[in-house]
Colleague: 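Got a structure here, written out as structure tokens. Questions coming.
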Amino acid sequence: VTLDARTAAELVDACAAGIVVLGVALAATLSMGRAIWLVAVQSILTGVAAMGVGLATGADHLLIGGLLAIAAKGLVVPLVLGSLLRRSPVRRERRPPIDPRLALVAAVAIVFAASAAADGIPVAAGVAASRALPAAIATVLTGLLIIMTRRKALSLVVGLLVFENGIALTAFSLTYGMPLVVELGVVFDLLITVVVAWVYARRMLDVLGSTSTDLLRSLRG
Amino acid sequence: MTELLVVSATAVPAALGLAAWVAGDRWAGRLAAMAFTLAVVAGSALATRVFVEGTLSAFGDQVVVDALGAYMLVLVLAVSAIALAGSPDHLAHERAAGRLRPGQAGRYYALLLWFMAGLATVPLLDNLGLLWVAIEATTIVSALLVGFARTPTAIEAAWKYLILGSVGIGFALLGTLLMYASSVGVLGETSDALTWTRLIEIAPRLDAGLARLAFIFALAGYGTKAGLVPFHTWLPDAHSQAPSPISALLSGAALAVALYALARFHLVSVAALGPGFSSGLLVIFGLLGLAVALPFIVAQGDLKRLLAYSSIEHIGLATLALGFGGRLALLGFVVHLFGHGLAKSTIFLAAGRLVAWRGSRRIGRMSGSLSAAPADGRALVLAALLLAGLPPSGIFVAEIAILLGGVDMGWGVAAAAAAALLALAVAGFLFHVLRVASGSPGAGAPGPLPSRRWAAILTVPLVVVVLAGLWTPAPLSAVLEQVVLVLGGGRG
């Protein structure tokens, strides 16, 4: 299967748009169950976009990397997070540091700011997906926004995943992604990070009775 | 031959780590000692060959070991030796206190071996993408070690470390990507566009805007791992909550390895953009580290946090040295990293044992350590004097070289500010350590702390640091010159 450059660019742009919309939704939702499947879909879109670029340019490592990302971030990670959620007594963010409506506004502002910032940065010539880089920057920043505005361990991991999706999108909008061996390493490291986060979230449940990082405030100075 | 040495120094110890996990508590310690001995033999042989014959490469040039890489490898192995030597005692104490569950000692040694292997791999890699993967792997493994005690504070520290470390390392990945993108216009989409060797060769033709952005992201990313202010907030928690041998490895080797990664970005940046841009940033962040660590050192009440903030201070100084550049300051940088690595890891072992013995880490409640626990108390005081930069020691020589080198390179004001900040920090640091050492243990203190084999573990590295300030054998000074040559942008 091959794609011509125009179709690929349209595919990547469509995925990028979806990734941004999902990012905004993730920044606004307080339900952790919804957040898990939203980020799973976002990860799958990221993988599909990578495969689109791979099909158009003949860069096989992007196909493999994309498939791997879909399997790892779209399937394995959500299952791990879902199992954690089932053990957790609380399934919603309570008392978020900023109002979710404000978070929504902030996320939308980030999208516009990213569009402006990405002007003038050269993108990979093969697939002229013009919206991918601003979408990538917006997604990285949305991930940071989620990490800063959530208190639950699980929500922080979701934020980290959004951040990572943004980086992946940056990778193949600036270049055609990195060499395969590096991408394999990146995906592997991400998986292990999520597993370790899962281990610690379970310990928080065991030792502290909650995964709210509010309880983690004793180390100061 | 090179392949065999590289694998024996990194992959084989990691595989033996897996064996230690499976083998369980009884055999894990012995397996770890075996794996480590192998790593030291192979690593020393590899480093010696590099110093004698020049840069070596292996595995289709994914592995390229120059003098700087070899030097960092030796540093990692030396600090690992201290961490490993301190581990049986730490585990024995945890077991006696009933905090060690069956199987945990095996896991501890497995994680320790993986951590060491990861740190040893980083300086050998020529591919900056793989270097990122290796550093991220050490973050994950060490996060499990930081929370090893499973107390609420240890979990908190590990959680912060994992999340902030992941965000930081995400920025480093962006920096890596941007560096790759800046070279694509010259090299096309090839994998050797991601190697230091190629990047340095073509540096003048890199896309300047992307290369500049790449350095900024690398600074934030690897700066987080290295404990540069303001990305350091995880560090005092992680370094103070981790088991002490792990604190030793984190402070003595992991920070230096992250700084090494940043130094490689700096070298490409200097070759691509000229010395002004990245050097200026490094000087600013170095001074910031010295300035921000100071009040936390002076007002510190927790012994292990005091040591952690001292690490932030020392990493600030090393970053400053890297920014100054020039032969003298870089020589100081190289010697300082090693001296700090040995002295800081040793003082963490001594402090850890004192904390475990007193059942408190509050400085105010630990007085009299010198009389009640002579071996640990002496090591604590001696290491503190060395870390404070008092002569004679390698650290003293290094600090003088850095400051004079800075003046030489036209950074007189920055060097003067650094000297003033260092002097104040030294006063605060020594004041707290002497409070712990002096006086009498007071009523209710536990009995004297036995120390037979232990004294040697603490003394040897400190004696090395003292000797380094008195006498540099000719082969060693040749090695240092080679490392400085690489750091100065020359070919090692």
Colleague: Can you tell which of B/I163, B/T233, B/L144 has the highest number of heavy-atom pairs within less than 4.5 Å of chain A?
Modeller: B/L144
Colleague: Indicate yes or no for a side-chain donor-acceptor contact from A/Y200 to the backbone of B/A143 under 3.5 Å, with no hydrogens or angles considered.
Modeller: yes
Colleague: Please give me the minimum heavy-atom distance between A/I167 and B/G170, naming the atom from each residue.
Modeller: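 Shortest heavy-atom separation between A/I167 and B/G170 comes out as CD1-O, 3.3 Å.
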Colleague: Side chain, backbone, both or neither: which part of A/L144 has a non-hydrogen atom closer than 4.5 Å to chain B?
Modeller: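 Just the side chain, heavy atoms under 4.5 Å.
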Colleague: I'd like to check A/V186 versus B/W132 (side-chain heavy atoms, cut-off strictly below 4.5 Å). Are they in contact?
Modeller: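 Yes, at least one pair of side-chain atoms sits under 4.5 Å.
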Colleague: Measure the spacing between CG of B/L162 and CG of A/L160 and express it to the nearest 0.5 Å.
Modeller: 7.5 Å
Colleague: Could you state the interatomic distance from CG (B/L177) to OG1 (A/T170), rounded to the nearest 0.5 Å?
Modeller: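 Atom-to-atom, B/L177:CG and A/T170:OG1 are 6.5 Å apart.
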Colleague: Applying side-chain contact (heavy atoms from CB on, under 4.5 Å), name anything that partners B/A154, two or more places apart in sequence or on another chain.
Modeller: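 Applying side-chain contact (heavy atoms from CB on, under 4.5 Å) to B/A154 gives B/A149, B/T151, B/Q241.
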Colleague: Considering non-hydrogen atoms only, spot the tightest contact between B/W159 and A/A201 and give its length.
Modeller: CZ3-N, 4.5 Å
Colleague: Considering only heavy atoms, which portion of A/I192 lies under 4.5 Å from any heavy atom of chain B: side chain, backbone, both, or neither?
Modeller: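 Both the backbone and the side chain of A/I192 come within 4.5 Å of chain B.
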Colleague: Quick check for you: to the nearest 0.5 Å, what is the distance between B/E136 atom CD and A/F188 atom CZ?
Modeller: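 If we round to the nearest 0.5 Å, B/E136:CD and A/F188:CZ are 11.0 Å apart.
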Colleague: What part of B/A299 is in contact with chain A, defined as an atom under 4.5 angstrom from a non-hydrogen atom: side chain, backbone, both or neither?
Modeller: neither
Colleague: Please check if atom CZ in B/R150 has more than 12 non-hydrogen atoms from other residues, nucleotides or ligands closer than 6.0 Å.
Modeller: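 Yes.
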Colleague: Does A/R203 reach the main-chain N or O of B/G147 with its side chain, forming a donor-acceptor pair under 3.5 Å?
Modeller: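 Yes.
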Colleague: Go through the atoms of A/V207 and report whether side chain, backbone, both or neither lie under 4.5 Å from a heavy atom of chain B.
Modeller: side chain
Colleague: Could you name each residue pair satisfying side chain to side chain donor-acceptor pair (under 3.5 Å) that touches residues 73-82 of chain A, not counting sequence neighbours?
Modeller: A/K73-A/E164, A/K73-A/N165
